Student: 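Got a structure here, written out as structure tokens. Questions coming.
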Amino acid sequence: MLSVLICEDNPGCMSKIKKCVEQVITIEDLDVKIEKTASSPNEILEYLQDNKIAGLYFLDIDLCADMTGIELAEKIRAYDPRGFIVFVTADEYSLPLTMKYRVEALDYVVKGTPGFEKRIAECIIDAYKKYSTAATPLQQKFPIKVSKHTTVVIDCDDILYFRNSPIHTHNVILVTHNDRYEFRENLSRIEQQLDSTFYRCHRTFIVNLAKITMIDSEKYELVLIGGERVGVSARHVKKIALLLQKLSGLSGLSGGRFS
């Protein structure tokens with residue numbers, strides 16, 4: 001999950017940023033949560049001392065406090081070196097100061113300008129995309145216990161899909177380019193172990209989005225590399241098309257209408 005932390009001493013601006021984050025989370029169905037809002041930079045640092053997170057930070061540069069937003073960002077890097085930092089300021093001429101502190105920022109947003117909320121929304125989506133595609137080594141491998149004494153480790157990139165076994169009620173089938181493995185598990189627990197490359201497209205299937213070559217919205221099926229087909233619920237067709245465009249840059253998928 002990507003955590004959002006906001007440090008802003010202007011209540012009106014704080015409210016705008018919070019509302020925008022909440023709307024984007026709902027509309028885009030992102031695994032993002034507002035973890036902390038504060039007017040004091042020390043509150044943000046105290047939270048980071050007690051919690052290890054992957055964060056997206058919206059920081060007012062001109063805080064009425066003992067440190068600026070830029071100085072706060074420098075301290076945040078000690079706790080969350082790969083966090084995404086967005087500076088929010090009423091004075092665009094203060095932006096060059098960030099260079100002095102060598103704080104890498106995702107973006108800079110100027111208060112009171114047209115499209116302020118749109119820029120905030122774009123920052124959230126951009127940060128989430130970068131966060132989601134930065135898979136950890138654990139996410140790149142998927143271990144399955146195929147027998148009492150045998151565990152097989154599968155490269156996630158080789159997985160086409162998971163499905164419920166049509167024969168054995170408590171089993172799942174994992175399908176790769178070359179093999180099929182059946183093991184005792186359920187799709188809900190598997191879903192929790194996978195990154196955003198995989199999507200629960202149907203109560204029976206979890207699909208690897210990177211393996212989809214076509215969405216057949218008339219038959220409610222996804223066509224995968226090699227010709228395999230998996231079912232997709234009608235309510236997921238549009239969402240999958242959007243995910244493919246965002247995660248893979250694909251467009252013009254054929255095979256039927258998306259409505």
Side-chain angles (χ1 to χ4, degrees), residues 1-4 24-35 52-54 56 124-125 127-147 151-217 220-226 228-248 250 253:
M1 182 182 71
L2 183 63
S3 300
V4 174
V24 172
I25 291 172
T26 301
I27 293 169
E28 300 292 334
D29 191 24
L30 305 180
D31 187 17
V32 176
K33 181 182 178 182
I34 298 177
E35 289 288 354
K52 187 175 182 180
I53 63 168
L56 166 59
I124 298 163
I125 293 170
Y128 187 73
K129 181 178 179 180
K130 289 179 169 66
Y131 162 77
S132 299
T133 55
T136 66
L138 285 177
Q139 291 172 319
Q140 294 169 3
K141 303 287 184 180
F142 191 86
I144 55 174
K145 192 169 185 178
V146 293
S147 69
T151 297
V152 178
V153 180
I154 310 294
D155 284 335
C156 284
D157 188 52
D158 290 336
I159 299 172
L160 295 176
Y161 63 90
F162 298 83
R163 66 160 300 162
N164 286 329
S165 171
I167 299 173
H168 303 106
T169 306
H170 300 292
N171 283 12
V172 167
I173 297 172
L174 183 158
V175 179
T176 70
H177 291 282
N178 301 310
D179 294 293
R180 290 174 181 252
Y181 303 89
E182 185 165 341
F183 55 104
R184 192 173 182 83
E185 189 52 280
N186 70 64
L187 287 185
S188 294
R189 281 199 292 265
I190 290 174
E191 188 178 11
Q192 293 173 8
Q193 300 174 53
L194 298 169
D195 65 21
S196 60
T197 306
F198 291 84
Y199 187 79
R200 183 79 174 266
C201 59
H202 187 279
R203 61 182 179 82
T204 306
F205 293 99
I206 297 174
V207 67
N208 185 341
L209 294 170
K211 305 302 179 182
I212 298 173
T213 61
M214 186 177 77
I215 300 174
D216 188 336
S217 58
Y220 295 113
E221 290 181 333
L222 304 173
V223 183
L224 310 183
I225 292 172
E228 290 261 13
R229 287 176 173 257
V230 302
V232 57
S233 298
R235 64 191 179 91
H236 291 306
V237 170
K238 286 185 178 180
K239 179 64 181 293
I240 289 174
L242 288 172
L243 287 173
L244 290 175
Q245 290 168 0
K246 290 176 184 176
L247 299 178
S248 306
L250 297 177
L253 293 170

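The structure presented is a predicted model; accordingly, all values stated were derived computationally and were not measured. For this chain, numbers begin at 1 and follow the sequence in order.
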Student: Could you tell me whether the side chain of Ser233 and the main chain of Arg235 form a donor-acceptor pair under 3.5 Å?
Tutor: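 Not a single qualifying donor-acceptor pair exists.
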Student: What pairs with Asp179 under salt bridge (charged side-chain N to carboxylate O under 4.0 Å, His left out), at least two apart in sequence or on another chain?
Tutor: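 None.
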Student: State the CD1-OH distance between Ile212 and Tyr199, to the nearest 0.5 angstrom.
Tutor: 10.5 Å
Student: As a quick check of understanding, evaluate side-chain contact (heavy atoms from CB on, under 4.5 Å) for Leu30 and Ile124, giving each step before the final call.
Tutor: CA-CA 10 Å; Leu30 305 180; Ile124 298 163; 4.1 Å; yes
Student: Strictly by salt bridge (Lys or Arg N to Asp or Glu O under 4.0 Å), give each pair with a member in residues 158-170 just once, sequence neighbours left out.
Tutor: none
Student: What are the two closest heavy atoms between Thr176 and Leu160, and how far apart are they?
Tutor: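 Nearest heavy atoms, Thr176 then Leu160: O-CD1, 3.6 Å.
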Student: Write out all pairs satisfying salt bridge (Lys or Arg N to Asp or Glu O under 4.0 Å) with one or both partners inside residues 201-213, taking only residues at least two apart or from two chains.
Tutor: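 As it turns out, the salt bridge (Lys or Arg N to Asp or Glu O under 4.0 Å) pairs with a partner in residues 201-213, which skip direct neighbours, are Asp157-Lys211.
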Student: Quick one: closest heavy-atom pair of Val237 and Tyr220, and the distance?
Tutor: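 Closest heavy-atom pair between Val237 and Tyr220: CG2-CD2, 4.1 Å.
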Student: Identify, with sequence neighbours excluded, every residue that meets side-chain contact (heavy atoms from CB on, under 4.5 Å) alongside Val223.
Tutor: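 For Val223 the side-chain contact (heavy atoms from CB on, under 4.5 Å) partners, ignoring immediate neighbours, are Thr213, Met214, Arg229.
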Student: Rounded at 0.5 Å granularity, tell me how far OG in Ser3 sits from CD1 in Ile53.
Tutor: 4.5 Å
Student: Is there side-chain contact between Pro166 and Ile173, with heavy atoms separated by less than 4.5 Å?
Tutor: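 Of all side-chain heavy-atom pairs linking Ile173 with Pro166, at least one is under 4.5 Å.
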Student: Take Phe205 and Val232 through the side-chain contact (heavy atoms from CB on, under 4.5 Å) test and state the conclusion after the steps.
Tutor: CA-CA 8 Å; Phe205 293 99; Val232 57; over 6 Å; no
Student: Tell me every residue that passes salt bridge (charged side-chain N to carboxylate O under 4.0 Å, His left out) with Glu185, counting only those two or more places apart in sequence or in another chain.
Tutor: Arg189
Student: Rounded to the nearest 0.5 Å, how far does CD1 of Ile206 lie from CG of Leu187?
Tutor: 4.5 Å
Student: List for me each residue that meets salt bridge (charged side-chain N to carboxylate O under 4.0 Å, His left out) alongside Arg180, sequence neighbours excluded, and say none if there are none.
Tutor: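 Here the qualifying residues are Glu228.
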Student: Got a sec, which residues hit side-chain contact (heavy atoms from CB on, under 4.5 Å) with Ser188, two or more places apart in sequence or on another chain?
Tutor: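 In terms of side-chain contact (heavy atoms from CB on, under 4.5 Å), with neighbours along the sequence ignored, Ser188 is linked to Asn186, Arg200.
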Student: Quick one: side-chain contact (heavy atoms from CB on, under 4.5 Å) partners of Asp31, sequence neighbours excluded?
Tutor: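 In terms of side-chain contact (heavy atoms from CB on, under 4.5 Å), with neighbours along the sequence ignored, Asp31 is linked to Met1, Tyr128.
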Student: What is the ring orientation for Phe183 with Phe162, classed by angle as parallel under 30°, tilted 30 to 60°, or perpendicular over 60°?
Tutor: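 Plane angle over 60°, so perpendicular.
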Student: Could you give the distance from CG (Asp216) to CG (Leu222), rounded to the nearest 0.5 Å?
Tutor: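 Here the rounded value is 9.0 Å.
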Student: Any donor and acceptor pair, going by atom type alone, linking the side chain of Asn208 with main-chain N or O of Ile159 inside 3.5 Å?
Tutor: yes
Student: Taking all non-hydrogen atoms of both residues into account, name the closest pair between Ala210 and Ile225 and its distance.
Tutor: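 Taking every non-hydrogen atom into account, O-CD1, 4.3 Å.
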Student: In the structure I gave you, are the side-chain heavy atoms of Leu244 and Leu209 within less than 4.5 Å of one another anywhere?
Tutor: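 Heavy-atom side-chain distance check passes, below 4.5 Å.
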Student: Nearest 0.5 Å, please: how far is CD1 in Ile25 from NZ in Lys33?
Tutor: 10.0 Å
Student: I'd like to check the side-chain hydrogen bond (donor to acceptor under 3.5 Å, both in side chains) partners of Thr204; sequence neighbours left out, ordered by chain and number.
Tutor: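 By the side-chain hydrogen bond (donor to acceptor under 3.5 Å, both in side chains) rule, Thr204 matches His202.
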Student: Can you name the salt bridge (charged side-chain N to carboxylate O under 4.0 Å, His left out) partners of Asp29, sequence neighbours left out?
Tutor: Lys239
Student: Closest heavy-atom contact between Phe198 and Cys156?
Tutor: CZ-O, 3.7 Å
Student: Please enumerate all residues that pass side-chain hydrogen bond (donor to acceptor under 3.5 Å, both in side chains) together with Asp155, with sequence neighbours excluded.
Tutor: Lys141
Student: Rounded at 0.5 Å granularity, tell me how far CD in Glu35 sits from CG in Leu2.
Tutor: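 Reported value, rounded in 0.5 Å steps: 10.0 Å.
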Student: Taking all non-hydrogen atoms of both residues, which atom of Cys201 and which atom of Val230 are closest, and how far apart?
Tutor: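 Taking Cys201 first and Val230 second, the nearest heavy atoms are SG-CG2, 4.4 Å.
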Student: Can you name the nearest heavy-atom pair linking Val32 to Val4, along with the distance?
Tutor: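 Here Val32 and Val4 meet closest at CG1-CG2, 3.5 Å.
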Student: Does Phe142 reach the side chain of Ile190, with side-chain heavy atoms less than 4.5 Å apart?
Tutor: yes
Student: Could you tell me which residues satisfy side-chain contact (heavy atoms from CB on, under 4.5 Å) with Thr169, sequence neighbours excluded, listed by chain and number?
Tutor: none
